Q: 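I'd like to ask some things about the structure below.
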Amino acid sequence: MRIRGIAALATALIVAVAPSSAAAGPADVSVTRTYVQANYSLVQYAAARFGTARSLLLGVLDKASAECPSAASGSPQNPESTMVSYEIIGAMVLAAYHPAMPAINAYIRVASHSQWSNHALTAAVHAYASNLRTLSGLSAPKLCADIRSWAASGYKTLPASTVRFDQRFVPAWVTLGQLPSQLRAYERPDERGELQRTGTLEERISMFEAEAAETYSRLMFALSVFP
């Protein structure tokens with residue numbers, strides 16, 4: 001919590017000393033407009049497909065419940081079980097993001113080529129786009145096979161596939177929608193409506209994620225995994 005507080009303070013200081021949009025260069029203002037539109041398209045596309053995403057999440061639950069119920073029965077609660085839980089989360093995230101993949105790829109194309117005179121802003125947007133690119137390139141993990149392998153070892157050794165998946169998924173795990181605070185220095189007054197709509201859609205995405213947490217709990221119970 002303290003680290004987040006320090007980061008927030010640093011961000012606030014950056015914004016405080018950043019130039020106003022009136023003083024910002026035209027290139028910064030132009031790329032900001034393009035980026036804001038790309039981000040809005042991403043969250044709008046995702047929010048319009050919550051129904052499909054919800055069905056896919058339930059599909060992950062139904063598949064695991066049918067194919068390997070209580071597959072980790074008697075498993076310990078330790079660092080290995082935490083890694084298995086991350087793999088389960090990853091399976092859910094990839095399923096939920098699948099309907100929005102066209103918009104995710106379109107966003108990545110814009111964000112990865114966006115450049116501002118503020119190098120910290122450019123780095124933040126590029127890092128976020130890189131994380132989304134990693135997620136979009138991941139294949140869904142084979143939960144039942146991996147958990148059965150773990151169980152077969154007496155819960156002593158995780159399968160290599162779980163380790164590999166977590167090594168890529170966990171560092172790249174991000175929610176959809178990214179509007180760094182440094183953008184405010186380059187936003188135009190006529191973009192406020194779009195930015196407000198973006199904020200509303202991002203709140204809806206957060207609510208959807210909270211709903212998905214219930215499905216996660218049911219999935220963990222079905223598989224008898226305790227993080």
Side-chain angles (χ1 to χ4, degrees), residues 4 7-8 11 31-61 85-116 120-141 165-184 186-187 191-219:
R4 291 184 179 178
T11 298
V31 72
T32 295
R33 183 165 186 80
T34 299
Y35 179 81
V36 165
Q37 290 173 340
N39 184 76
Y40 175 72
S41 295
L42 171 62
V43 295
Q44 182 185 45
Y45 193 98
R49 286 156 180 80
F50 282 158
T52 301
R54 186 176 294 109
S55 296
L56 290 170
L57 288 177
L58 292 175
V60 175
L61 171 62
S85 74
Y86 281 137
E87 184 178 16
I88 291 169
I89 292 170
M92 294 180 62
V93 169
L94 296 185
Y97 281 15
H98 182 74
M101 203 54 65
I104 289 173
N105 290 331
Y107 166 87
I108 290 172
R109 286 192 294 271
V110 172
S112 61
H113 291 94
S114 296
Q115 299 278 347
W116 288 266
L121 172 58
T122 298
V125 169
H126 287 187
Y128 177 79
S130 178
N131 286 333
L132 278 185
R133 184 181 290 107
T134 296
L135 293 178
S136 67
L138 285 175
S139 298
F165 180 84
D166 282 3
Q167 286 175 339
R168 296 191 65 197
F169 168 72
V170 175
W173 180 17
V174 292
T175 191
L176 295 182
Q178 172 80 335
L179 285 176
S181 57
Q182 298 100 314
L183 281 173
R184 295 172 190 159
Y186 312 119
E187 292 166 0
E191 292 170 340
R192 289 173 185 165
E194 189 169 43
L195 290 166
Q196 289 175 349
R197 291 191 295 273
T198 298
T200 298
L201 290 170
E202 289 181 348
E203 288 177 5
R204 290 180 58 196
I205 289 174
S206 295
M207 292 174 62
F208 178 82
E209 291 175 342
E211 175 189 331
E214 172 63 24
T215 304
Y216 163 75
S217 296
R218 293 171 61 190
L219 185 52

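Everything numeric in this text was worked out from a predicted model, so none of it was measured.
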Q: Output the distance between atom CZ (R54) and atom CG (L58), rounded to the nearest 0.5 Å.
A: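 Spacing of CZ (R54) from CG (L58) equals 8.0 Å.
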
Q: Can you give me every donor-acceptor pair (side chain of residues 166-173, partner residue at least two apart or in another chain, under 3.5 Å) with its distance?
A:
unit_1, atom_1, unit_2, atom_2, d
D166, OD1, E87, N, 3.4

Q: In this structure, are over 12 heavy atoms from other groups packed under 6.0 Å from Y86 atom OH?
A: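 No, because the 6.0 Å sphere around OH of Y86 holds 12 heavy atoms or fewer from other groups.
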
Q: Show the nearest heavy-atom pair for residues P99 and A96, with the distance to one decimal.
A: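 So the minimum-distance heavy-atom pair works out to CD-O, 3.2 Å.
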
Q: Quick check: closest heavy atoms across T122 and Q115, and the distance to 0.1 Å?
A: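 Heavy atoms of T122 and Q115 come nearest at CG2-OE1, 3.5 Å.
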
Q: Just wondering, more than 12 heavy atoms not from M207 lying within 6.0 Å of its CE?
A: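 No, the 6.0 Å shell around CE holds no more than 12 heavy atoms from other groups.
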
Q: Passes side-chain contact (heavy atoms from CB on, under 4.5 Å), S114 versus T34? Steps please.
A: CA-CA 9 Å; S114 296; T34 299; 5.8 Å; no

Q: Taking side-chain contact (heavy atoms from CB on, under 4.5 Å) as the definition, give me every residue that meets it alongside H113, ordered by chain and number, with sequence neighbours left out.
A: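 Listed in chain order: nothing, the list is empty.
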
Q: Please give me the minimum heavy-atom distance between V60 and A95, naming the atom from each residue.
A: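 The answer is CG2-CB, 3.8 Å.
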
Q: Within this structure, what is the CD-CZ distance for the pair E211 and F50, rounded to the nearest 0.5 Å?
A: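 The distance works out to 9.0 Å.
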
Q: Looking at T32, V31, V36, which hits side-chain contact (heavy atoms from CB on, under 4.5 Å) with Y186?
A: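 Testing Y186 for a side-chain contact (heavy atoms from CB on, under 4.5 Å) against T32, V31, V36 leaves exactly one candidate, T32.
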
Q: Nearest heavy-atom pair of V43 and E202: which atoms, and what distance?
A: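 Taking V43 first and E202 second, the nearest heavy atoms are CG1-CG, 3.9 Å.
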
Q: Sequence neighbours left out, what pairs pass ring-ring contact (aromatic ring centres under 6.0 Å, His included) with at least one residue falling in residues 90-112?
A: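 Sorted pair list: Y35-Y107, Y107-Y128.
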
Q: State, with a plain yes or no, whether a side-chain heavy atom of T198 is found less than 4.5 Å away from one of L201.
A: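 Contact flag for T198/L201 side chains = no.
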
Q: Rounded to the nearest 0.5 Å, what separates atom CG in N39 from atom CG in L176?
A: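 Result: 9.5 Å between the selected atoms.
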
Q: Has R133 got more than 12 heavy atoms of other residues, nucleotides or ligands less than 6.0 Å from its CZ?
A: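 Enclosed.
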
Q: Which distance, rounded to the nearest 0.5 Å, do you find between the CG of L132 and the CG of L42?
A: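 Separation between the atoms: 7.0 Å.
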
Q: Grab the two heavy atoms, one from S41 and one from A103, that are nearest each other, plus how far apart they are.
A: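 Closest pair (atom of S41, atom of A103, distance): O-CB, 4.4 Å.
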
Q: For a quick test of reading the model, state the closest non-hydrogen atom pair linking F165 to S139 and the distance between them.
A: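 Of all heavy-atom pairs spanning F165 and S139, the closest is CE1-O, 3.7 Å.
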
Q: Rounded to the nearest 0.5 Å, what's the gap from CD on Q44 to CD on Q37? Could you check?
A: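 Spacing of CD (Q44) from CD (Q37) equals 11.5 Å.
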
Q: With a 3.5 Å distance limit and no angle check, can you tell me whether S130 reaches the backbone of H126 through a side-chain donor-acceptor pair?
A: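 Not confirmed, S130 side chain does not pair with H126 backbone.
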
Q: Going from CD on Q182 to CD on E187, what distance comes out if it is rounded to the nearest 0.5 angstrom?
A: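 Between atom CD of Q182 and atom CD of E187 there are 11.0 Å.
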
Q: In the structure I gave you, are the side-chain heavy atoms of T175 and S206 within less than 4.5 Å of one another anywhere?
A: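 T175 does not reach S206 side chain to side chain.
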
